[in-house]
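Working notes, structure below.
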Amino acid sequence: MEGKKKGLSLTTQILIAAAGGIVFGSLIGPWASLGFVSTNIIGSMADSAMVPCIVFALFFGTAMGTYTRQSGNRNLVEWVTGFNTIITNIIKAVMHVAPIGIFCLLANVAGSTGFKVIIPMIKFLGVLLLGDAVQFLIYGPLTAALCKVNPAKMPKKFAKMSMNSCGAALCYVAAIFFMAQSTGVQLTTSQMGMAILLSCLMCMGTIVVPGGSVIVYTFLASSLGLPLESIAILIGIDWFSGMFRTLMNVDVDVMVGMLVSSKLGDLDRDVYNETKAVEY
């Protein structure tokens, strides 16, 4: 009798799960047709469809967190963490030999187009530098005025902050337009909006990945239907791009921290002006 009850319970659970799957499929159908969610997440990963993968990751992480809090079972969390570590180690191993591939790609591009290939590189880095300059020269003094502090002392604070991802977002958006223009692809308004959205979303999980920008360039190009050939140029100057990304990251860290602390009344101007020392 006990075995029959267990069998009936299992059958009922299967039927409920199947019915739930049918209802869920009917609900996400319209969204799937727009490309925001996937009915086959493995297929989306294989096709480098970033938007449904990111949406799935957000829902999966939220649901996993809820399950962990309710059950106290951390097995799945530890499995996901371990799997992420394994993937990161694979990426590190690949990045050790990546310079050889980058050299070959750049040699091929430079050999076919000549030294004029340097001009697009300089323009791309110039866009990043312009973004940093706007951030520093406009928002820096504005932040200092709102916080009522001396803006001349702000550069010293930039070296003491951690990183966020706004510099990476700027770089990724610029990279998308660079890839489109260098290959003669005309982006529509909706594609431009999707480029900005994807760039912001990709910053959420790649800032700590070694060589993460190279991976992001590939995913963004695949998601927006851009040729991958132009990525070779971006990879070749990624070290320089990283400096401009980091500069904006720490700039915004300082400014946001100052604005929030000033609004809350916690900004110690004596510490800012270095007339009082603080020990951590």
task: Mind checking the CD-CG spacing from Gln135 to Leu170? Nearest 0.5 Å is all I need.
output: 9.0 Å
- prompt: What about Val127 and Ile196, same hydrophobic cluster or not, with Ile/Leu/Val/Met/Phe/Trp/Tyr joined at side-chain heavy-atom distances under 4.5 Å?
  reply: no
- prompt: Shortest non-hydrogen contact from Leu224 to Gln191?
  reply: O-NE2, 3.8 Å
message: Less than 4.5 Å apart, side chain to side chain, heavy atoms only: is that true for Leu146 and Ser262?
response: no
field: side chain to side chain contact (heavy atoms under 4.5 Å, CB included) evaluation trace for Leu226 with Leu187
entry: CA-CA 10 Å; Leu226 299 174; Leu187 295 176; 4.1 Å; yes
- request: Using a 4.5 Å cut-off on heavy atoms from C-beta on, say whether the side chain of Thr143 contacts that of Leu259.
  value: yes
- request: Can you measure from CG (Leu125) to NZ (Lys123) and round to the nearest 0.5 angstrom?
  value: 13.0 Å
task: Following the transitive rule for hydrophobic clusters with a side-chain heavy-atom cut-off under 4.5 Å over Ile, Leu, Val, Met, Phe, Trp and Tyr, establish whether Met243 and Ile237 coincide in one cluster.
output: yes
- prompt: Between the main-chain N or O of Thr85 and the side-chain N or O of Asn89, is there a donor-acceptor pair closer than 3.5 Å?
  reply: yes
Side-chain touch Asp238/Arg245, heavy atoms, less than 4.5 angstrom: yes
field: Side chain to side chain, Ser241 and Leu128, heavy atoms closer than 4.5 Å
entry: yes
message: Hydrophobic clusters here meaning ILVMFWY residues chained together by side-chain heavy-atom distances under 4.5 Å, can you tell me if Val55 and Leu58 are in one?
response: yes
task: Would you name the heavy atoms of Met248 and Gly131 that are closest together and state the gap between them?
output: CE-O, 3.3 Å
message: In the structure I gave you, are the side-chain heavy atoms of Cys171 and Phe178 within less than 4.5 Å of one another anywhere?
response: no
